[in-house]
Amino acid sequence: MLTEKEVWEAIESLREDCFLRQYVNWASTQVSSHNSFHLAYGLILEAAAAPVQLVASGFIAKTYPNFWSLIVGSSGSQKTIAMNVARDLLFEISPEIIGQDPASEEAFFKMLNKRSKLLLMYPEFASVLANTRGGDNYRAKIRDAWTSIFDATPFSREGVRTSAVKIREPRFSLTGACTAEKLESHVEVDDWTGGFMSRFFLVYGEQERDLDYGIPNEPLRAWLKSRLSEMEQACANAANIEKCRGLTDEAMTLFTPWRRAVNTEAKTVKDERLAGPLRRVPLMAAKIAVLLTWDYGRAREGQPWVIEADVMQAGMRLAELHKKCAMGLGKRIAPNEEMRLQRLVWNAVGDDWTALGQVVKDADMTVKTMKPFIETLKLMSAVETHVNNTDEFIRRKAGGKPPQWNEGLSTLPPPPLPDNRVDVDFAKKTRSEEPVPPLPGAKPAVSEPRQEHRFTYEWDNYDPGPHRPPPED
């Protein structure tokens with residue numbers, strides 16, 4: 001699970017005039033949602049504003065700007081509200097990109113055939129997971145269709161009764177939100193190992209702030225709208241987008257050892273559900289680096305472009321957040337129904353002697369169903385029982401540990417992140433750039449490193465008093 005401080009520290013590697021950085025800054029003053037939610041939705045907005053012709057080379061394979069994200073948080077953590085903030089901003093710029101929930105696999109491909117760049121947004125993603133599971137469900141093939149189109153593979157199909165579908169450059173982005181409990185109920189092990197869930201940029205956080213109202217900042221919102229519109233309108237000049245010439249030497253020096261360390265960690269992990277997400281951590285970093293290159297304008301100059309050190313470093317830092325969330329969810333989510341019931345029994349057992357009948361009642365299970373799990377916990381030295389006359393009692397054993405289905409997680413230290421003092425001005429040494437215009441209300445850059453990290457909110461020094469309206473901008 002992420003903390004807001006970790007997110008702020010990660011986005012400090014972005015340029016001051018970066019759309020993603022300023023979007024997280026602005027959205028965090030509008031609603032109380034965890035700032036990692038805004039980070040994930042900000043990346044979705046950048047993917048929606050990137051052209052289909054934006055293709056990066058220099059990595060293991062070609063990297064495309066489509067993006068998948070999944071927000072995980074408890075009920076009431078304002079996941080949907082955070083999604084609506086992003087949706088409203090995008091709807092003002094390019095509403096045609098946002099698609100409707102397809103009723104079938106065929107409906108999805110027809111929708112993608114009409115517009116090769118498509119975004120689907122699901123505030124209740126658990127319902128999608130539930131109604132696209134295998135079996136006789138006619139929507140079961142939708143999940144496979146999404147998985148197959150993630151890598152931007154050209155698709156064609158000749159129908160018997162329907163017209164042919166040919167999609168040369170599919171760019172499909174997907175985002176959703178759900179609780180950890182729903183994710184546990186509707187996602188099976190093969191969804192992780194088969195590649196569907198491992199394609200998502202995962203964020204897992206809980207609400208840390210409680211705002212009474214949003215802080216109005218129309219100048220910054222107008223700047224965000226203008227910047228997003230500028231990126232989206234540049235897609236019309238896609239013919240001027242030159243090819244990517246790969247990574248600079250500095251970017252390659254940063255990325256290569258980090259990628260190898262992450263891949264080594266993925267090979268040592270014993271929880272098969274985590275292997276896929278860990279192997280795709282470098283892909284997440286590469287996709288974010290491509291989106292930031294479009295955000296910074298380097299791929300919009302009508303010249304051959306490269307992945308430079310500053311965007312690669314930022315992509316790696318944000319991908320590390322995804323990796324931490326994947327590891328956290330691996331500990332939180334049981335891999336199967338048996339392990340989920342075992343945890344349910346453990347949570348129903350207290351530290352004091354309790355009658356078995358009360359434990360059965362608290363767990364909402366039958367004695368017949370519970371008995372095998374109690375025996376398993378006894379073998380694990382997690383609980384102990386004793387019989388008094390005809391009554392059986394149970395409690396957690398002193399020093400006993402809760403059942404852990406992922407004790408085989410890698411114990412390797414996390415791969416070292418690049419030094420914050422990397423030469424982020426490398427681009428300026430190779431070409432001239434116009435000075436960046438100041439943002440509305442932006443603070444001057446601080447050259448000295450901070451002794452103690454603290455993100456300053458606009459309302460920190462503001463006391464509205466009782467029953468007063470919010471300040472006007």
Side-chain angles (χ1 to χ4, degrees), residues 1-8 10-11 14 18-49 67-95 97-99 101 119-129 173-183 200-218 220-221 223-225 227-228 284 288 291 295 318 321-322 324-325 328-329 455 457-459 470:
M1 184 182 297
L2 295 176
T3 65
E4 291 208 335
K5 179 181 178 181
E6 290 174 315
V7 178
W8 291 128
I11 67 171
L14 305 177
C18 174
F19 170 86
L20 180 61
R21 176 172 180 166
Q22 293 303 324
Y23 176 79
V24 177
N25 184 3
W26 169 76
S28 297
T29 66
Q30 306 306 301
V31 295
S32 302
S33 309
H34 197 276
N35 59 359
S36 64
F37 301 173
H38 303 308
L39 171 64
Y41 292 135
L43 289 167
I44 287 293
L45 291 178
E46 292 203 331
F67 203 78
W68 289 15
S69 67
L70 180 61
I71 286 76
V72 182
S74 62
S75 178
S77 58
Q78 299 189 7
K79 302 181 295 296
T80 301
I81 296 177
M83 180 182 290
N84 291 338
V85 172
R87 185 201 299 268
D88 291 345
L89 187 62
L90 180 61
F91 196 81
E92 296 179 17
I93 304 298
S94 186
I97 296 178
I98 306 175
D101 183 24
L119 168 64
L120 295 183
M121 308 180 77
Y122 291 98
E124 297 295 337
F125 196 62
S127 62
V128 180
L129 295 172
S173 296
L174 175 65
T175 186
C178 69
T179 63
E181 292 76 14
K182 293 293 185 180
L183 195 64
F200 285 93
F201 179 85
L202 300 171
V203 294
Y204 178 31
E206 295 296 343
Q207 183 176 336
E208 297 181 15
R209 295 171 289 111
D210 187 14
L211 305 183
D212 294 324
Y213 44 76
I215 305 299
N217 192 340
E218 284 302 319
L220 183 53
R221 189 185 190 280
W223 182 88
L224 290 169
K225 180 179 177 181
R227 182 63 171 267
L228 189 64
M284 297 298 174
I288 294 172
L291 293 175
D295 183 348
L318 298 183
L321 300 181
H322 156 73
K324 181 178 180 180
C325 291
L329 288 172
F455 187 84
Y457 297 100
E458 295 184 31
W459 60 85

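Note that the coordinates shown come from a computational prediction; the quantities given were computed from them, not determined experimentally.
- The shortest side-chain heavy-atom distance between Ile71 and Phe125 does not fall under the 4.5 Å cut-off.
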Legend entry - Working for side chain to side chain contact (heavy atoms under 4.5 Å, CB included), residues Ile288 and Phe201: CA-CA 10 Å; Ile288 294 172; Phe201 179 85; 4.0 Å; yes
Inset, instruction - Go through the steps for Asn35 and Glu208 under the test side chain to side chain contact (heavy atoms under 4.5 Å, CB included), then give the verdict. - result: CA-CA 9 Å; Asn35 59 359; Glu208 297 181 15; over 6 Å; no
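- When the side-chain hydrogen bond (donor to acceptor under 3.5 Å, both in side chains) test is applied to Ser32, no partner is found at least two apart in sequence or on another chain.
- Looking only at side-chain heavy atoms (C-beta outward), Val24 and Trp8 come within less than 4.5 Å of each other.
- Considering only residues two or more places apart in sequence or on other chains, Thr3 meets the side-chain hydrogen bond (donor to acceptor under 3.5 Å, both in side chains) condition with Glu6.
- Looking at every heavy atom in both residues, Ala180 comes nearest to Val72 through N-CG1, 3.7 Å.
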Inset, instruction - Tell me, with the steps shown, if Val85 and Tyr41 meet side chain to side chain contact (heavy atoms under 4.5 Å, CB included). - result: CA-CA 9 Å; Val85 172; Tyr41 292 135; over 6 Å; no
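- Counting heavy atoms of neighbouring residues, nucleotides and ligands inside a 6.0 Å radius, atom NZ of Lys182 does not exceed 12 of them.
- Here the CD atom belonging to Gln30 is positioned 13.5 Å from the CG atom belonging to Asn84, to the nearest 0.5 angstrom.
- Here the rule is side chain to side chain contact (heavy atoms under 4.5 Å, CB included) with Leu20, and of Asn25, Leu291, Leu14 only Leu14 fits it.
- Separating the CG atom in Leu202 from the CG atom in Leu321 is a distance of 11.5 Å, to the nearest 0.5 Å.
- Listed by first and then second residue, the salt bridge (Lys or Arg N to Asp or Glu O under 4.0 Å) pairs that reach into residues 70-92 are Glu92-Arg221, Glu92-Lys225, sequence neighbours excluded.
- You'll find the side chain of Phe37 stays beyond 4.5 Å of the side chain of Val31, heavy atoms only.
- A distance of 8.5 Å separates CZ in Arg209 from OG1 in Thr29, rounded to the nearest 0.5 Å.
- Side chains of Phe19 and Leu224 form a contact here, defined as non-hydrogen atoms less than 4.5 Å apart.
- A donor-acceptor pair under 3.5 Å is absent between the side-chain atoms of His34 and the main chain of Gly73, judged by distance alone.
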Inset, instruction - Run the numbers on Leu174 and Tyr122 for side chain to side chain contact (heavy atoms under 4.5 Å, CB included), then give the verdict. - result: CA-CA 8 Å; Leu174 175 65; Tyr122 291 98; 3.7 Å; yes
